[in-house]
Participant: 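Got a structure for you, questions after.
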Amino acid sequence: MSRTLESTPAADGFRMPAEWERHAGTWMAWPERPDTWRDGAGPAGTAFARVAAAIGISEPVTMTASPAAIERARAALPEAVRVVELVTDDAWMRDIGPTFVVDDAGTRRGVDWIFNAWGGRDGGLYSPWDRDDAAASAILEIEGADRYRAPIVLEGGAIHTDGEGTVLTTEECLLNPNRTPHCSQAEIEHHLRDCLGVETIVWLGAGVFLDETDGHIDNLACFVRPGVVALTWTDDRDDPQYDRSLDARRRLEAATDARGRSLEVHLLHQPGPLSMTASEAAGLRKVAGSKARRAGDRLAASYVNFFIANGRVVMPLLDERHDDHAREVLAGVFPGRDVVGVDAREILLGGGNIHCITQQVPAGASS
Ligand code: KQY
């Protein structure tokens, strides 16, 4: 039975490990919403199943699904994937799942952030979101891991850590008045230190152009190992992403991490620009209170939205003109890991990508 603790991870000696540290497994959630996933979520289900299969080669995968979808999910997934019944509002496990923290003894606990569907009544993507907000707690119960309820609104896609005291995030997201408006930047930093066991916060400015998460870091930039960061990039100075990525690059190159290192930056040229086609938009069903998705909408496509699994990296394939280059860059920064591509356009149509639909459980024993 999972307990809710009144202290903080930092006070108890816990830290968020880097994604490349050993995993006990990964959680995902099955796609169902007809306003996010076209054609009854069939094509998205195929893409999610391929991601689960690619990760499942090297570590256990658990997929949540509602009672209405559980049979469909079971039939589409490899037998080794565990399917558990859990109703959520959508399928972004990175953002609704717990952020796991560990201590030096190998004990594992979880941080349960407040979730408001990427902005609540001020630009949030759908309402209600209470089932998403309850997901982290339910998962910690299943994992038998103790829980810290964080005092701020935050989605897992808004942070990336090197596991050695540094976290990367964006002002566009965490300082957005639609997240935790009563907290100053200093107070947000204080909560990040408490909840993640970090010392240094590296702030980037804006995220990917038209990213509906208000600029999640996991679409813009991420650590690939301590002191080394991958950043989405475009060589096209006329593209609206250019200034955003240039600003991020300058900030990264000027930053020092918690161990006193300068950061080395590797560029991943963005796909596209890509946009939603008329036939893709026609397969969506409008739901009252949710964001409309229209033909011609530019998609927030980025190769940074990959997932580091045990022994492999699972990357999105998004654009034949750029996929191979992205794969080469990733192979270069992840020596010793296989880089596996999965066709991820259907996930992109929902507003995120492979990193956004996965949440790793670090190795350790839950308490
Ligand atoms: O960036 C992420 N971690 C998730 C993207 C969520 C998109 C919601 N439609």
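Only heavy atoms go into these numbers, but all of them, side chains included; no hydrogens, no water, no symmetry mates. One-based numbering, in listed order, for ligands and for the atoms of each. For clarity, every value in this text was computed on a predicted model and none was experimentally measured.
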Participant: Would you say Arg293 contacts ligand 1, with heavy atoms under 4.0 Å as the rule?
Facilitator: yes

Participant: Measure the distances from the heavy atoms of Asp218 to every atom of ligand 1 and state whether one is below 4.0 angstrom.
Facilitator: yes

Participant: Only heavy atoms of Gly351, strictly under 4.0 Å: list the atoms of ligand 1 that pass.
Facilitator: 5 (C), 7 (C)

Participant: Leu125 heavy atoms, cut-off 4.0 Å: which ligand 1 atoms fall inside?
Facilitator: 8 (C), 9 (N)

Participant: Could you tell me whether Asp257 and Arg259 have a side-chain N and a carboxylate O separated by less than 4.0 Å?
Facilitator: no

Participant: Looking only at heavy atoms, is any part of Gln359 under 4.0 Å from ligand 1, and if so is it the side chain, the backbone, or both, or is it neither?
Facilitator: neither

Participant: For the aromatic rings, using the six-membered ring if either is Trp, is the centroid distance between Phe307 and His23 under 6.0 Å?
Facilitator: yes

Participant: Strictly under 6.0 Å, is that where the ring centroids of Trp30 and Trp92 end up?
Facilitator: no

Participant: Using a plain distance cutoff, I'd like to know if Asp90 has any nitrogen or oxygen under 3.5 Å from a nitrogen or oxygen of ligand 1.
Facilitator: no

Participant: For ligand 1, is there an N or O atom under 3.5 Å from any N or O atom of His216?
Facilitator: yes

Participant: Salt bridge check: are Arg3 and Glu141 linked by an N-O gap of less than 4.0 Å?
Facilitator: no

Participant: Can a non-hydrogen atom of Thr36 be found less than 4.0 Å from any atom of ligand 1?
Facilitator: no

Participant: Could you say whether the N/O atoms of Glu212 and ligand 1 ever approach to under 3.5 Å?
Facilitator: yes

Participant: Just say parallel, tilted or perpendicular for the rings of His269 and His322, cut-offs at 30° and 60°.
Facilitator: parallel

Participant: For atom 2 (C) of ligand 1, what is the closest protein heavy atom, and at what distance to 0.1 Å?
Facilitator: Cys356 SG, 2.6 Å

Participant: Kindly say whether the aromatic ring centers of His355 and His160 come within a distance under 6.0 Å.
Facilitator: yes

Participant: One thing to verify: whether Arg293 and Glu212 come together as a salt bridge, which I'm taking to mean a side-chain N less than 4.0 angstrom from a carboxylate O.
Facilitator: yes

Participant: Just which atoms of ligand 1 are under 4.0 Å from any heavy atom in Gly157?
Facilitator: 3 (N)

Participant: If the test is side-chain hydrogen bond (donor to acceptor under 3.5 Å, both in side chains), which one of Arg94, Glu59, Glu21 qualifies with Gln360?
Facilitator: Arg94

Participant: N/O to N/O below 3.5 Å, does that happen between Asn305 and ligand 1?
Facilitator: no

